[in-house]
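Residue numbering restarts at 1 for every chain, and letters A, B, ... go by the order of the sequence lines.
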Amino acid sequence: MKITQLLFPTLREEPSDAEVISHKLLMRAGMIRRTAGGIYTYLPLGLRVLKKISQIVREEMDRAGGQEVGLPTVQPRELWDMSGRWQLYGDEMFRLKDRHQRDFCLGPTHEEVITTLIDGDVHSYRDLPLLIYQIKDKFRDEIRPRYGLLRGREFIMKDLYSFDVDSDGLEISYRKMYEAYSKIFERMGLTFRVVEADTGAIGGNESHEFMVLAGSGESKIVFCDTCHYSANVEKAESLPQEKPSVLDFPSIEMISTPDVRTVEDVVKSLGVSPSQVIKTLIYVTDDQGYAVLIRGDRELNELKLSNYLQGAELALAPENVVKELVGASIGSVGPVGLNLKILADFEIQNMTEAVCGANQESQHLIHVLPGRDFVPHAYIDLRNVQGGDPCPHCKGLLNEIRGIEVGHIFKLGTKYSQAMDAWFLDEKGNKSHFVMGCYGIGVSRIMAAAIEQKHDQNGIVWPMAIAPFQVLIVPVNIKDEEQARHAFAIYESLIQNGVEVLLDDREERAGVKFKDADLIGIPLRLTIGSRALKEGKVELKKRWEAESELVSLEEIAGQISSLISQYN
RNA sequence: CGGGGUGUAGCGCAGUUUGGCUAGCGCGCCUGCCUUGGGAGCAGGAGGUCGAAGGUUCAAAUCCUUUCACCCCGACCA
């Protein structure tokens with residue numbers, strides 16, 4: 001491809017509405033343009049990257065035994081009523097009506113369609129297992145789309161669904177996908193980590209996320225420095241410690257604490273450390289209030305709380321509700337003598353000289369001893385794990401890093417096949433529900449995640465495997481007859497060798513071309529200049545290295561080929 | 001949905017507080033000259049319903065009302 005024929009509108013300045021680096025660089029490099037909030041147009045260069053990513057995904061899915069299909073984007077309401085998700089999905093679903101006023105949605109995911117399909121055409125255990133996938137646009141009307149391609153409302157996703165006769169079969173399918181996913185991200189040249197994850201709204205009982213590591217990532221993950229444990233903090237477990245043998249502790253005492261509201265205030269006015277404070281949060285569900293206790297230096301993990309309450313919708317109680325339930329304002333709430341169901345984090349039971357609110361205005365309690373002065377309904381794991389915490393599986397310590405979720409695999413079990421009554425006959429002739437798994441990869445998200453991980457001050461640094469082109473040829477001065485001749489000759493010969501090559505044939509000054517070259521991040525750059533040409537050489541620069549090297553004209557083709565296969 | 005902010009040329013912005021001539025600047029774009037190893041220089045030029053609608057006024061980018069879009073923080077999430 002010649003640049004003069006390419007739709008390639010690079011920008012010198014950053015678009016003002018882009019916040020994260022991938023969004024800025026995708027815009028500046030002329031790879032995407034915004035069409036509406038969270039909805040983007042892919043320009044030629046961007047689309048080439050997406051095709052590369054899709055192709056790697058496709059190859060590995062096929063290799064793992066997957067079969068590609070095309071499920072519809074527009075899906076009828078009836079399908080979603082069967083699983084109950086027409087109601088459950090809420091405002092996040094793009095809904096539309098046809099001319100007969102029938103309800104449809106733009107598919108946010110495809111469990112319903114695929115389950116119906118398989119139910120209709122697969123009736124025997126002899127036809128299982130099946131791994132069915134597709135790569136297509138998905139639609140989710142996000143509350144707040146942001147970060148460019150990282151959180152769009154229309155995005156490209158690969159989703160595969162596995163159908164097995166039993167949970168042993170599911171285990172095998174799940175394993176296959178786990179391996180295939182690892183292969184995919186390895187091939188893409190991305191640094192990633194697999195973590196245990198919460199199963200969330202999709203349901204199921206085991207789940208892993210594939211995280212591309214990047215400091216700007218939205219997800220916090222922890223991993224053990226000694227064993228293989230790693231998990232999303234949403235899911236990461238924290239252990240209850242040994243309970244210290246209780247000896248003699250001073251009795252509880254009430255003290256006056258005017259203007260003390262936050263943990264920070266308590267620390268300041270009483271001279272204690274945050275880890276001595278019991279933070280009491282009042283949560284309400286539809287029908288009940290709870291007092292949730294967590295150490296003052298910790299964060300509550302609402303997901304863990306919600307899971308403990310069987311997925312109940314819960315929210316922090318507003319001030320007036322707290323007053324009504326407790327009789328004191330938010331800053332003075334505590335567990336002692338409280339007439340609410342109390343749920344305490346494991347760590348609470350090991351506290352000895354604790355401080356908490358007294359449930360009376362501007363009063364706090366000191367010398368509080370959990371178990372003696374109050375007894376929670378349950379001690380459970382409620383806090384967010386942090387770096388430095390002990391590993392739940394060994395003696396190691398947990399490290400904390402950030403990542404971008406690019407893949408997620410779930411064991412669904414029979415959740416959907418039961419809801420939609422999708423079954424087959426087993427070898428004994430009995431009706432049996434399909435045991436399912438679902439496996440997603442965010443194709444368009446990977447394009448952004450790769451940039452978050454692979455960029456420098458000057459622009460994108462694409463890994464070879466997903467770069468829009470493998471080689472960029474830059475003649476310093478295209479008007480120089482000799483340079484032009486060599487540039488075109490090298491261009492033609494590389495094409496002959498099957499190399500994906502872009503030629504910057506613009507009549508621009510060298511600086512402009514170099515800036516654009518760095519910006520769009522093509523891995524290998526061949527610079528054709530008069531100095532090196534005099535020696536029969538051209539300059540070869542790897543985008544990820546600072547220095548370039550001289551290569552003789554005869555050796556170019558060989559060098560390029562070996563570099564491509566080395567880094568691909 | 002709650003809180004905050006921004007809409008002026010393709011991109012980045014000034015001008016709005018305190019209404020006033022033909023609405024400006026940088027970059028990009030077009031023409032010519034010149035230049036060609038890290039976003040050159042000179043000369044000329046094109047490009048605007050000042051987000052939209054309504055109102056106040058002799059006069060509105062500027063004041064008032066309504067509305068739309070986008071961005072940030074929060075609740076949500078692959």
Side-chain angles (χ1 to χ4, degrees), chain A residues 9-20 23-24 27-28 30 33-39 89-93 108-110 137-159 197-202 207-212 217-219 232 234 302-303 306 313-316 318 403-410 438-446 448-449 457-459 474-481 483-484 504 506-519 525 527-533 538-539 541 546 548:
Chain A
T10 54
L11 304 174
R12 293 195 178 196
E13 297 184 75
E14 291 182 346
S16 63
D17 56 0
E19 202 197 358
V20 296
H23 190 191
K24 288 175 183 173
M27 290 287 294
R28 286 193 55 210
R33 287 292 181 262
R34 195 187 74 88
T35 299
I39 295 173
Y89 230 98
D91 291 336
E92 202 170 301
M93 184 182 259
T109 177
H110 286 70
D137 289 351
K138 297 294 169 83
F139 299 83
R140 294 185 193 171
D141 195 359
E142 288 287 338
I143 289 176
R144 186 142 93 86
R146 60 184 137 173
Y147 304 142
L149 294 190
L150 287 174
R151 179 167 300 282
R153 296 196 293 169
E154 173 177 342
F155 56 98
I156 303 172
M157 184 163 154
K158 185 283 310 180
D159 47 329
D198 188 84
T199 48
I202 294 186
S207 172
H208 286 89
E209 287 170 337
F210 289 74
M211 298 282 193
V212 166
E218 286 189 282
S219 307
N232 192 317
E234 287 179 354
E302 281 194 13
L303 200 57
S306 166
E313 287 282 314
L314 47 87
L316 263 175
I404 299 164
E405 182 184 348
V406 290
H408 201 161
I409 60 180
F410 297 85
C438 81
Y439 316 83
I441 287 185
V443 170
S444 46
R445 179 180 264 197
I446 287 173
Q457 282 190 329
N458 298 314
V474 181
V476 170
N477 180 2
I478 193 78
K479 282 190 185 168
D480 179 293
E481 197 273 330
Q483 288 181 36
D504 195 342
R506 294 176 298 175
E507 290 184 12
E508 289 284 357
R509 294 167 59 86
V512 173
K513 291 187 275 197
F514 290 144
K515 287 292 184 186
D516 275 342
D518 287 346
L519 180 60
R525 187 182 89 194
T527 306
I528 320 286
S530 50
R531 285 187 230 145
L533 270 187
V538 298
E539 198 176 292
K541 183 170 180 304
S548 57

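- As the counterpart of B:U17, no nucleotide is assigned, since no Watson-Crick or G-U wobble pattern has both distances under 3.5 Å.
- Stacking of the aromatic ring of A:F514 onto the base of B:G37 is not found under the criterion of centres within 5.5 Å and planes under 30°.
- Nucleotide B:A59 forms no Watson-Crick or G-U wobble pair with any nucleotide shown, as no partner meets the under 3.5 Å limit on both distances.
- Of all nucleotides listed (B:G37, B:C29, B:U36), B:U36 comes nearest to the side chain of A:R509.
- The side chain of A:E142 lies closest to B:C77, out of B:G37, B:C11, B:C77.
- Among the heavy atoms of the strands lying under 4.0 Å from A:D516 is at least one base atom, whether or not backbone atoms are also near.
- Between A:M211 atom CE and B:C77 atom C1' there is a gap of 12 Å when expressed in whole angstrom units.
- Nucleotide B:G74 forms a Watson-Crick or G-U wobble pair with B:C1, both donor-acceptor distances falling under 3.5 Å.
- Listed for the A:K158 side chain is a donor-acceptor partner under 3.5 Å among the backbone atoms of A:Y439.
- Of the listed nucleotides (B:G38, B:U36, B:G12), B:G12 has the atom at the smallest distance from the side chain of A:P15.
- As rounded to the nearest Å, B:G47 and B:A9 have C1' atoms that lie 6 Å from one another.
- A:E218 comes within 4.0 angstrom of no nucleic acid atom, judged by non-hydrogen atoms across all strands.
- Electrostatic pairing of A:E14 and A:R28 does not count as a salt bridge here, judged by no charged N lying under 4.0 Å from a carboxylate O.
- The shortest heavy-atom contact between A:I156 and A:S444 is N-OG, 2.9 Å.
- Checked by distance alone, A:D518 brings a side-chain donor or acceptor within 3.5 Å of a matching partner on the base of B:G38.
- Between A:D91 atom CG and B:C76 atom P the separation is 14 Å, expressed in whole Å.
- Base pairing of B:U35: no nucleotide in any strand meets the Watson-Crick or G-U wobble criterion (both distances under 3.5 Å).
- Pair check for B:G47 finds none; no Watson-Crick or G-U wobble contact set falls under 3.5 Å.
- Within the nucleic acid shown, A:E507 has no heavy atom closer than 4.0 Å to any nucleic acid atom.
- Distance A:R531 CZ to B:G38 C1': 12 Å, rounded to the nearest Å.
- When heavy atoms are screened at a 4.0 angstrom cut-off, A:K479 is found touching base atoms of the nucleic acid.
- Of all non-hydrogen atoms in A:Q483 and A:V476, the two that sit nearest each other are OE1-N, 3.2 Å.
- Side-chain contact between A:K138 and A:D159 is present, with at least one heavy-atom pair separated by less than 4.5 Å.
- Comparing the P positions of B:G26 and B:C68 gives a spacing of 37 Å, expressed to the nearest Å.
- If you find the closest nucleotide of RNA chain B to A:L149 and to A:R12, the one lying nearer the 5' end belongs to A:R12.
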Using atom names, set out every protein N or O paired with an N or O of nucleotides 67-75 of chain B below 3.5 Å, distance rounded to 0.1 Å.
residue, atom, partner, partner atom, Å
B:C70, OP1, A:G37, N, 3.2
B:C72, OP1, A:E19, OE1, 3.3
B:C73, OP2, A:R144, NH1, 3.2
B:C73, OP2, A:R144, NH2, 2.6
B:C73, OP2, A:R146, NH1, 3.4

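- Salt-bridge annotation for A:E19 and A:R146: absent, with no side-chain N of the basic residue lying under 4.0 Å from a carboxylate O of the acidic one.
- Judged by distance alone, with hydrogens and angles left aside, A:R28 brings a side-chain donor or acceptor within reach of the base of B:G39, the pair sitting under 3.5 Å.
- With both pairing distances under 3.5 Å, B:U65 is matched to B:A53 as a Watson-Crick or G-U wobble pair.
- Rounded to a whole Å, the NZ atom of A:K24 is 15 Å from the C1' atom of B:C11.
- A donor-acceptor contact shorter than 3.5 Å links the side chain of A:R445 to the backbone of A:L150.
- Across every strand in view, B:G28 sits unpaired, with no contact that passes the Watson-Crick or G-U test at under 3.5 angstrom.
- Both A:E14 and A:G152 sit near RNA chain B, but only A:E14 has its closest nucleotide nearer the 5' end.
- Following rounding to the nearest Å, A:E508 (CD) and B:G39 (P) show an atom-to-atom distance of 12 Å.
- Atom-to-atom, CG of A:D480 to C1' of B:G37 comes out at 12 Å; the value is rounded to the nearest Å.
- Between the C1' atom of B:G38 and the CG atom of A:N458 lies a distance of 9 Å, rounded to the nearest Å.
- Contact of A:E13 with B:G28 (side chain to base): no donor-acceptor pair of N or O atoms is detected under 3.5 Å.
- The side chain of A:K515 lies closest to B:G38, out of B:G12, B:G38, B:A78.
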After noting the C-alpha distance and the side-chain angles of A:I446 and A:F210, does the key distance pass the side chain to side chain contact (heavy atoms under 4.5 Å, CB included) rule?
-> CA-CA 11 Å; A:I446 287 173; A:F210 289 74; over 6 Å; no
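- We find that CG of A:L533 is positioned 13 Å from P of B:G37, with the value rounded to whole Å.
- Side chain of A:R153 to backbone of A:D141: no donor-acceptor contact under 3.5 angstrom is found.
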